[in-house]
Amino acid sequence: MPPLDEFGLIRVWTEGRQSDSFLTAAGVTVGIGDDAAVVSASAGMEWVLAVDTMVEEIHFKPETMDDADIGFKALAANVSDIAAMGGMPKHALVSVSVPARWDAKRMERLYEGLYACADKYGIAIIGGDTTSAPQHLVVAVTVVGCVESGRAIRRSGAKPGQIVFLTGPTGLSAGGLHGMLGQPGKAGKRVAPSPPKRLIDAHRRPQPSVKAGRILLEGGLATSLNDVSDGLASEAWEIAEASGVKLALRETDLPISGELAGYAGLCGIAALDWVLYGGEDYVLLGTADPGAEVALREKFREASLPLFIIGSVEEGPPGVELALASGKSKPLLKRGYNHFAKG
Ligand SMILES: Nc1ncnc2c1ncn2[C@@H]1O[C@H](COP(=O)(O)OP(=O)(O)O)[C@@H](O)[C@H]1O
Ligand SMILES: Cc1ncc(C[n+]2csc(CCOP(=O)(O)OP(=O)(O)O)c2C)c(N)n1
Ligand SMILES: [Mg+2]
Ligand SMILES: [Mg+2]
Ligand SMILES: [Mg+2]
C-alpha cells in the first residue's frame with residue numbers, strides 16, 4: 001500500500017471520532033473537510049479564544065510523555081486558558097507539524113489522547129493543519145470557547161483587602177517531571193528516585209478547572225483569575241502587575257501534599273520550589289472579596305472541588321511576597337518557566 005498523503009492521514013486521525021449529533025449540538029455547521037470550519041454563535045455570548053503550542057524536547061520528551069499524553073495535554077493546556085476566563089470551551093483547531101520519525105501509528109495515539117480530552121470537556125474538533133517537519137513534532141491547538149457577554153474574569157480585578165485563592169495544589173507536575181527526567185536513559189544512569197504515580201499523572205494528564213471557573217463566574221465570586229502554566233509565583237506576579245497590587249501569600253496555607261513533600265525529600269529538593277516555580281499545574285489562581293469567602297467555600301464544597309485560601313491582596317507596588325512559616329516575609333521573584341532563559 002502506498003504511504004498515505006496528509007489528506008489520508010487526517011482522515012485516519014479524525015474520521016468518525018465524534019458523532020454527527022454531537023457536532024450539530026456543538027453548533028458546528030461545517031467541520032473537518034472544507035477550507036474553514038463554520039460554527040454558530042450564541043446570542044448574549046462572547047467568544048473566548050486561546051492558542052498554545054507544544055514542542056518536542058521543550059514540552060515533552062520520550063521519557064516524560066506517551067504519545068497519547070501529548071495529545072491530551074496539548075488540548076488541556078488550552079482548555080485551562082478558557083477556564084481561567086470563566087469560559088466554556090467549545091471548539092478546537094489542531095495544527096501538527098510531523099517529522100518522519102513520527103509514523104502514522106504514533107500520530108494515531110496522539111489523536112486518541114487529543115480526543116480523550118475533547119470528549120471529557122465536550123469540545124468539538126473542527127479542523128486544523130498538517131505539515132511535515134524537519135526534526136521535532138510541534139502541536140498547536142487553538143480553542144474557541146464562549147462566555148456570557150461582559151462577564152469574562154480578567155487578571156486585572158484584584159483589589160487591596162481581597163483574598164487570594166487557588167483551586168488545586170501546585171508542584172506535582174514539576175515533581176513528576178523531575179523524576180521522569182532523572183530515570184535511566186540510554187547510558188543507564190539513574191539520577192532520581194521513581195516518582196509516585198500521582199505526580200506522573202499530574203504532569204501527563206492535567207485536569208483543567210473548567211467547573212471551578214464556571215462556579216466563580218456564575219456566582220460572581222472572583223475579582224481576578226489566571227491559570228498556572230508557568231508557575232504559581234509567576235502567575236501571581238501577572239495578577240499583581242495587571243491589577244497594580246501586591247499579592248501576599250502565606251507559606252503555611254499553600255497546599256503541599258505529603259506525597260510531594262516525601263518525594264521532594266527523597267530527591268533532596270525543597271518541595272516549595274516546585275510549588276512556587278514548577279509550572280504546568282493548570283489550576284486556577286484568583287482573588288475574591290472577603291465577603292464572598294463563605295459562598296466560595298460552600299460552592300466548591302458542594303461541587304466536591306478543592307479550594308485553598310492562600311493569601312491576601314495588599315496595596316503597594318506590584319509584587320508578590322511570601323510570609324514564611326518562620327514568621328518572616330520574603331519577596332518572591334518573578335521566576336517561572338522562561339522559554340528564552342539561558343542555560
Ligand atoms: N506570538 C504572539 N503574538 C501575539 N500575542 C501573543 C503571542 N504570544 C503570546 N501572546 C499573547 O500574550 C499573552 C500572554 O501569553 P502567555 O504567557 O502564553 O499566556 P498563557 O500563559 O495564559 O498561555 C496572551 O494574551 C497571548 O495571547
Ligand atoms: C522535557 C520537558 N522539559 C521541561 C518541561 C517544563 N516546561 C516546559 S514548558 C513549561 C511552561 C508552560 O508552557 P508554556 O508553553 O510556557 O505555556 P503557556 O505559559 O503559554 O501556557 C514548563 C514548566 C517539560 N514539560 N518537559
Ligand atoms: Mg500561552
Ligand atoms: Mg494562561
Ligand atoms: Mg508560558
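Numbering of ligands and ligand atoms starts at 1, following listing order.
Residue contacts with ligand 2 for D52 involve side-chain atoms from C-beta outward but no N, CA, C or O (heavy atoms, distance under 4.0 Å).
Distances from ligand 2 to the non-hydrogen atoms of H339 include at least one value under 4.0 Å. Ligand 2 is never approached by M54 to a heavy-atom distance shorter than 4.0 Å. Contact analysis leaves A174 out of contact with ligand 2, as no non-hydrogen atom separation drops below 4.0 angstrom. Using a 4.0 angstrom heavy-atom cutoff, R155 counts as in contact with ligand 1.
Considering backbone and side-chain atoms together, K73 places no N or O closer than 3.5 Å to any N or O of ligand 2. Taking only nitrogen or oxygen atoms, main chain and side chain alike, T53 does not reach within less than 3.5 Å of ligand 2. Note: no N/O pair closer than 3.5 Å links Y282 and ligand 2 by distance alone. Ligand 1 has no N or O atom lying under 3.5 Å from any N or O atom of D230, backbone or side chain.
For ligand 1, the atoms lying closer than 4.0 Å to a non-hydrogen atom of D81 are 20 (P), 22 (O), 23 (O). Each of the atoms 23 (C) of ligand 2 lies under 4.0 Å from some heavy atom of G278.
Across D227, D281, I58, heavy-atom proximity to atom 24 (C) of ligand 2 is greatest for I58. Considering G279, A50, S229 only, the shortest heavy-atom separation from atom 21 (O) of ligand 2 involves S229.
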